[in-house]
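Down below is the structure, laid out as structure tokens.
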2 protein chains.
Amino acid sequence: MARKRTTYDPFNAIAEPNRRALLEALAGNSLTVSALALALGWNQPKVSKHLQVLKEVDLVVERKEGRFRVYRVNAQAMKPVQEWVTQFQAFWAPRLDALGDYLNEVQTGEQTDDEP
Amino acid sequence: MARKRTTYDPFNAIAEPNRRALLEALAGNSLTVSALALALGWNQPKVSKHLQVLKEVDLVVERKEGRFRVYRVNAQAMKPVQEWVTQFQAFWAPRLDALGDYLNEVQTGEQTDDEP
DNA sequence: TAAATATATTCCTATATTGGAATATGTCAA
DNA sequence: TTGACATATTCCAATATAGGAATATATTTA
């Protein structure tokens, strides 16, 4: 059939490079749409649209201030991603890595230069 | 214009729920395509196709074993995601959160019931 | 009230995928 | 060699976006 909706969880929200840029720009700061547009060199609708997606998954929070909208990051919403990813951390501990890399090389047949 | 290619970095690879399921199934294990298909209740092409995407971003590693292909997770490739997400961890520390939530409520004008 | 400013939304187009079915490829076993 | 099995790939249809342009919706200020 077809693609499913992909945007409406934090995993998908941060999959878009522009949205990551937006979140990086907002890390620690609270910024208006136009400030973001200026900082990133995008047009305003582009900023607004990506912000809406981030807002839908709660990665950003909006506050009205006169005719401005001030956005800030809500890092809490990143937690599910962090937790999911961290599950795998057990498998990348330095020592295991070194061993794993070695085994992988051997298995993959990445022969060292001792072949004429 | 149009959408960019979205699949070829770990962020996008794990944005797809099916691919996360695949990685979860492979966490700690090494499994063949058919074993995965059985475990997840998918048809074989579906498994293979998602595995290819994961392989392209190096999230899984494949090993040939007779006519089987054994896949395993390469957690190293998850590191960029983990690091990127962790940037934001500073903003979700419990105390700050509690304060932030409170301020947010106040700012948003979430008035308590003291209004008739 | 009208003009200006800030932001959101709608419309439209181009393209990226996902998924299933069918098929190709590779490998083992008789 | 032939058949069976495991997996990858191709083909196709349905749909989800991203992006730009134009427009709508506040809200402030003159």
Side-chain angles (χ1 to χ4, degrees), chain A residues 1-23 25-26 29-57 59-72 109, chain B residues 1-23 25-26 29-57 59-72 107-109:
Chain A
M1 296 275 158
R3 298 186 63 196
K4 262 156 303 172
R5 194 158 213 238
T6 64
T7 324
Y8 297 91
D9 69 75
F11 289 92
N12 281 291
I14 68 171
E16 227 285 328
N18 290 313
R19 286 194 286 266
R20 287 203 299 281
L22 220 32
L23 289 169
L26 285 173
N29 311 311
S30 287
L31 295 174
T32 65
V33 175
S34 40
L36 284 165
L38 187 64
L40 297 166
W42 302 349
N43 56 38
Q44 173 264 313
K46 180 172 174 178
V47 175
S48 284
K49 279 188 274 187
H50 281 298
L51 281 174
Q52 296 321 302
V53 174
L54 292 173
K55 192 167 71 170
E56 263 192 273
V57 300
L59 274 166
V60 299
V61 177
E62 166 207 70
R63 171 167 49 94
K64 291 180 85 162
E65 188 144 319
R67 51 187 154 172
F68 297 83
R69 309 270 181 115
V70 183
Y71 285 86
R72 70 171 176 79
Chain B
M1 296 275 159
R3 298 185 63 199
K4 262 156 302 172
R5 191 156 217 240
T6 64
T7 323
Y8 297 90
D9 69 75
F11 289 92
N12 281 291
I14 69 171
E16 228 284 328
N18 290 312
R19 284 194 288 266
R20 287 204 298 282
L22 219 33
L23 288 169
L26 284 173
N29 309 312
S30 287
L31 295 174
T32 64
V33 174
S34 41
L36 285 164
L38 187 65
L40 296 166
W42 303 348
N43 56 37
Q44 172 265 312
K46 180 172 176 179
V47 176
S48 284
K49 280 189 273 189
H50 282 297
L51 281 175
Q52 295 321 301
V53 174
L54 292 174
K55 194 168 71 169
E56 265 192 271
V57 301
L59 274 165
V60 300
V61 175
E62 166 207 70
R63 171 166 48 94
K64 291 181 84 161
E65 188 142 318
R67 49 187 156 172
F68 298 85
R69 309 270 181 117
V70 183
Y71 284 86
R72 69 172 178 80
Q107 284 174 342
T108 326

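Chain naming here is simple, since letters A, B, ... match the order of the sequence lines and numbering starts at 1 in each. Atom set for the values below is all heavy atoms of this structure, side chains included, hydrogens, waters and symmetry mates excluded.
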Gln44(B) versus Ser48(B), side-chain donor and acceptor atoms under 3.5 Å: yes
Atom-pair distance (NZ on Lys55(A); C1' on dA8(C)), nearest Å: 9 Å
Validation row: Val53(B), Arg19(B) side chains within 4.5 angstrom (heavy atoms): yes
Min side-chain heavy-atom separation Leu51(B)-Leu26(B) under 4.5 Å: yes
base_contact_polar (dA8(D) base, Gln52(B) side chain, donor-acceptor, <3.5 Å): no
Interatomic distance where CG belongs to Asp9(B) and P belongs to dT17(C) [whole Å]: 10 Å
Any N/O donor-acceptor pair, Glu16(A) side-chain to dA18(D) base, under 3.5 Å: no
Whole-Å distance separating the CZ atom of Arg19(B) from the P atom of dA16(C): 15 Å
Spacing between Glu62(A) atom CD and dA6(C) atom P, to the nearest angstrom: 16 Å
Asn43(B) vs Val47(A), nearer the 5' end of DNA chain C by closest nucleotide: Val47(A)
Any Tyr71(A) side-chain N or O less than 4.0 Å from OP1/OP2 of dA8(C): yes
Side chain of Asn18(B) - closest among dA8(C), dA8(D), dG19(C): dG19(C)
Tabulate protein N/O versus nucleotide N/O from nucleotides 26-28 of chain C, keeping only pairs under 3.5 Å, one per line.
| residue | atom | partner | partner atom | Å |
| --- | --- | --- | --- | --- |
| dT27(C) | OP1 | Lys64(B) | NZ | 3.1 |

Short side-chain N/O contact to dA16(D) OP1/OP2 from Asn12(A), under 4.0 Å: no
Whole-Å distance separating the CH2 atom of Trp42(B) from the C1' atom of dG19(C): 12 Å
Separation of dT15(D) C1' from Tyr8(A) OH (nearest whole Å): 14 Å
Pair Arg63(B) + Glu65(B), salt bridge at N-O below 4.0 Å: yes
For atom CG of Leu51(A) and atom P of dT9(C), their distance in whole Å: 11 Å
Nearest non-hydrogen partners of Ala13(B) and Leu59(B), listed with the distance: CB-CD1, 3.9 Å
Under-4.0 Å side-chain N/O to phosphate OP1/OP2 contact, Thr32(A) with dA6(C): no
Residue-phosphate contact under 4.0 Å: His50(B) side-chain N/O, dG19(C) OP1/OP2: yes
Ser48(A) vs dT9(C): side-chain N/O to OP1/OP2 distance below 4.0 Å: no
Gap between atoms CG and P, on Leu38(B) and dC5(D) respectively (whole Å): 16 Å
Lys46(B) side chain, from C-beta outward: closest of dT7(D), dA18(D), dG20(C): dG20(C)
Asp9(B) side-chain N/O to Phe11(B) backbone N/O, donor-acceptor pair under 3.5 Å: yes
Note, Tyr71(B) side chain near Val61(B) side chain (heavy atom, < 4.5 Å): no
Exam field: side chain Arg69(B) to backbone Glu62(B), donor-acceptor pair closer than 3.5 Å: no
Lys49(A) or Lys49(B), whichever maps to the more 5' nucleotide of DNA chain D: Lys49(B)
